[in-house]
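Take a look at the structure set out below.
What you see below is based on every heavy atom in this structure, not just the backbone, and it leaves out hydrogens, waters and symmetry mates. Proteins come first, then strands; the chains are lettered A, B, ... in the order of their sequence lines, and each starts at number 1.
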Amino acid sequence: MQLWYMSARPSPTPLLLFSKIHLAQWMPIMSPNPKSMSDGVVTRFAPSPTCFLHIGGARTALFNWLHAKANGGKMLLRIEDTDRKRSTSEAIDAILEGLTWLGLEWDGEPVYQHARAARHGEVVEQLLAKGLAYKCYATPEEMEKMRERAHGEGRSAVYDGMWRDRDPGDAPAGVDPVIRFKAPNEGDTVIEDQVQGTVTVANKNLDDLIIARSDGSPTYNLAVVVDDHDMGVTHAIRGADHLTNASRQAQIYAALEWETPVFAHVPLIHGSDGAKLSKRHGALGVEAYRAMGYLPAALRNYLVRMGWSHGDDEIFSTAQMIEWFDLAGIGRSPARFDFEKLASLNAHYIKNSDDGELVNLVRAIVPELSQEARPPNSDDEACWEKLALAMPGLKERAKTLIDILDAGRFVFVSRPLDMDEKAENLLDDEARAVLGGLLVSLEGVEDWSVEQIEYVVRGYAEKTDLKLGKAAQPLRAALTGRTTSPGIFDVLYALGKDEAVARIRDQVR
RNA sequence: GGCCCCGUCGUCUAGUCUGGUCCAGGACACCAGGUUUUCAUCCUGGUAACACGGGUUCGAAUCCCGUCGGGGUCACCA
């Protein structure tokens with residue numbers, strides 16, 4: 001563990017053009033260090049465990065993973081749980097499971113940020129000792145006034161620095177202070193972001209942020225800097241909502257004389273109304289996409305195309321993504337989430353999946369479905385075997401695994417079948433008469449293969465001068481209880497002779 | 001409101017850095033036609049965009065300025 005703390009990158013080359021003498025005027029120039037690329041790329045995904053892994057987080061993780069893989073590097077996982085009150089183990093589990101399901105395996109053990117509080121405290125002490133941080137005793141009321149004043153004067157910096165240079169002897173008794181970072185007042189902080197380009201913020205717009213709470217616990221921006229540094233992170237790829245944090249973090253890096261990682265702030269994913277995707281859009285965790293019957297490969301493909309492109313290419317295997325992924329290919333404008341496109345991609349991946357594998361995937365999500373949504377007899381092995389037989393016809397019309405389950409429901413139901421209204425209407429006397437004739441022909445089939453079945457049914461239609469549809473539709477109704485289904489010969493075949501014949505006989509009487 | 005970012009078909013985007021090959025290409029969606037035992041799939045075709053206004057230039061989606069619009073962020077949350 002001690003070693004871990006010391007695991008800064010080998011000989012970090014300070015890129016910061018500032019000296020202690022000119023602290024107040026410093027202007028860190030954070031250009032990416034091309035050398036560090038060849039030293040081995042280390043990315044990290046750093047979710048806060050306050051809720052499930054949502055779609056935006058999943059994409060951030062994907063980009064970090066891809067960038068690591070594309071450069072032969074590693075993606076680390078860090079759970080940002082400094083706020084103990086809001087962190088839950090359920091959320092941690094959901095995040096870990098979500099990443100695993102998506103196929104985004106991280107390297108090494110997850111790092112729990114709260115476990116590193118001692119190290120964070122150590123850095124806070126260092127900053128304090130060097131005069132780069134100070135204790136602040138401002139009351140909530142005073143802060144509220146400052147907020148109002150800043151807003152009224154149209155300034156963006158809120159805290160006015162009232163304790164920045166004040167004599168600690170003025171400290172009120174019995175008040176635990178917070179510790180603030182002594183941020184530079186003049187000059188600019190410049191970030192060379194791989195996605196956003198050069199982002200310049202005037203230092204006067206950034207106030208002295210709190211790096212340790214009054215109970216001594218570290219805050220986010222301090223912890224992130226210390227952890228990214230100690231973990232040897234070379235590339236911080238995260239949502240654009242962290243862009244302002246990046247400026248503040250850059251100041252802390254500069255104060256500590258540490259090299260900043262390369263930043264890449266990816267535009268956010270928006271809901272259909274154009275606002276940041278959130279719970280009010282019904283934003284879902286990845287486990288919800290799994291339950292809706294989406295394939296990990298489809299979700300990955302969809303996610304990688306949101307904000308990133310490789311010419312006109314739409315379909316990417318994981319290997320291709322890794323080969324082609326490049327931070328430079330990420331666009332700067334936010335994207336809206338579109339279920340239709342995800343569904344179309346999902347349909348593509350389903351069509352190209354192996355039948356047996358699809359059966360397993362469908363089976364795996366059944367326990368996650370509500371009681372009504374589950375097919376009857378879902379513990380009957382024979383039904384699953386029939387589903388496998390029907391899969392070729394099922395998968396070409398499905399957009400999700402749920403579609404397969406729904407369209408394939410006829411293999412699960414038991415006789416006598418429930419008929420939907422259209423099927424009921426279709427089975428008039430004429431149709432039942434046709435079924436009667438068909439029944440006799442089908443009972444005579446020895447070799448119950450798709451070819452034989454088709455031969456017999458077509459033969460019957462020709463013999464009785466019926467259009468094929470006149471035979472197929474009554475069969476469909478009798479066999480599935482519906483008016484739509486996969487090809488009728490496939491349905492007959494999947495059901496097996498005994499069951500098919502019995503279902504037809506049920507309707508002849 | 002301050003600060004930061006963004007603005008090509010309804011949506012995701014190519015093209016923008018290195019102005020002309022773009023009266024703007026692809027994908028999803030949508031519409032029409034074809035294949036077909038239903039529904040789909042599949043095939044063919046179609047509708048549809050450079051936010052607006054100036055400027056630079058022989059020439060601008062591409063460069064510059066402004067306007068408008070959208071988003072993010074301003075916690076002892078992360």
Nearest-Å distance for atom pair NE2/P, residues His270(A) and C5(B): 16 Å
Is the Tyr134(A) to Trp163(A) ring centre distance short of 6.0 Å? no
Counting only Watson-Crick or G-U wobble pairs whose two distances fall under 3.5 Å, which nucleotide matches A75(B)? none
Whole Å only: how far is the CZ atom of Arg180(A) from the C1' atom of C76(B)? 9 Å
Using whole Å, report how far CD1 of Ile269(A) lies from C1' of U13(B). 14 Å
Determine whether the side chains of Thr189(A) and Asn203(A) contain a donor N or O and an acceptor N or O closer than 3.5 Å. yes
Please classify the nucleic acid contact of Glu314(A) as base, sugar-phosphate, or nothing, using heavy-atom distances under 4.0 Å. base
Could you tell me if Gln113(A) and Asp81(A) have a donor-acceptor pair between their side chains, going purely by distance under 3.5 Å? no
Of the candidate nucleotides C5(B), C6(B), G72(B), which contains the atom at the shortest distance from the side chain of Ser333(A)? C6(B)
Across nucleotides 35-49 of chain B, 5' to 3', mark each nucleotide with B, S or - according to how protein heavy atoms within less than 4.0 Å reach it. --BBBBS--------
Look at the rings of Phe63(A) and Phe325(A) and say which category their plane angle falls in: under 30° parallel, 30 to 60° tilted, over 60° perpendicular. tilted
CH2 of Trp308(A) versus P of U13(B): gap in Å, rounded? 12 Å
Report the residues that fulfil side-chain hydrogen bond (donor to acceptor under 3.5 Å, both in side chains) with Asp160(A), sequence neighbours left out, ordered by chain and then residue number. none
Do any side-chain nitrogens or oxygens of Ser309(A) fall under 4.0 Å of OP1 or OP2 in A14(B)? yes
May I ask you to verify whether the side chain of Asp312(A) and the base of G25(B) hold a donor-acceptor pair under 3.5 Å? yes
Looking only at heavy atoms, which two atoms of Asp230(A) and Arg119(A) are closest? And how far apart? OD2-NE, 2.6 Å
Using atom C1' in both nucleotides, what's the gap between C4(B) and U11(B) to the nearest angstrom? 26 Å
Between CZ of Phe263(A) and C1' of C4(B) the distance, given in whole Å, is 15 Å
Residue matched to G7(B) through Watson-Crick or wobble contacts both under 3.5 angstrom: C68(B)
Select base, sugar-phosphate, or nothing to describe what Asp81(A) touches, counting heavy atoms under 4.0 Å on all strands. nothing
Under 4.0 Å, heavy atoms only, any strand: does Arg86(A) hit a base, just the sugar-phosphate, or nothing? base
Would you say a side-chain N or O of Arg147(A) is under 4.0 Å from OP1 or OP2 of A75(B)? yes
Roughly how many Å is it from NZ in Lys341(A) to P in C12(B), rounded to a whole number? 10 Å
Counting any heavy atom closer than 4.0 Å, what does Thr82(A) reach on the DNA or RNA strands: base, sugar-phosphate only, or nothing? sugar-phosphate
Just checking Ser247(A): base, sugar-phosphate only, or nothing, at a heavy-atom cut-off of under 4.0 Å? nothing
What does His242(A) touch in the nucleic acid at a heavy-atom separation under 4.0 angstrom: a base, only the sugar-phosphate, or nothing? base
At 4.0 Å (heavy atoms only), tell me whether Val199(A) reaches a base, stays on the sugar-phosphate, or touches nothing. sugar-phosphate
Donor-acceptor side-chain pairing of Gln473(A) and Arg476(A) below 3.5 angstrom: yes
Would you indicate what Ser214(A) reaches in the nucleic acid, counting non-hydrogen atoms under 4.0 angstrom: base, sugar-phosphate, or nothing? base
Hey, do the aromatic rings of Phe489(A) and Tyr455(A) have their centres closer than 6.0 Å? no
Whole-Å gap separating P (C74(B)) and CZ (Arg248(A)): 9 Å
Between the base of A29(B) and the side chain of Asp338(A), is there a donor-acceptor distance below 3.5 Å? no
Do you know which two heavy atoms are closest between Leu417(A) and Ala478(A), and how far apart they sit? CD2-O, 3.5 Å
Could you state the atom-to-atom distance from CZ of Arg336(A) to P of C9(B) in whole Å? 11 Å
Scan Arg305(A) against the nucleic acid and name what it touches under 4.0 Å (heavy atoms): base, sugar-phosphate only, or nothing. base
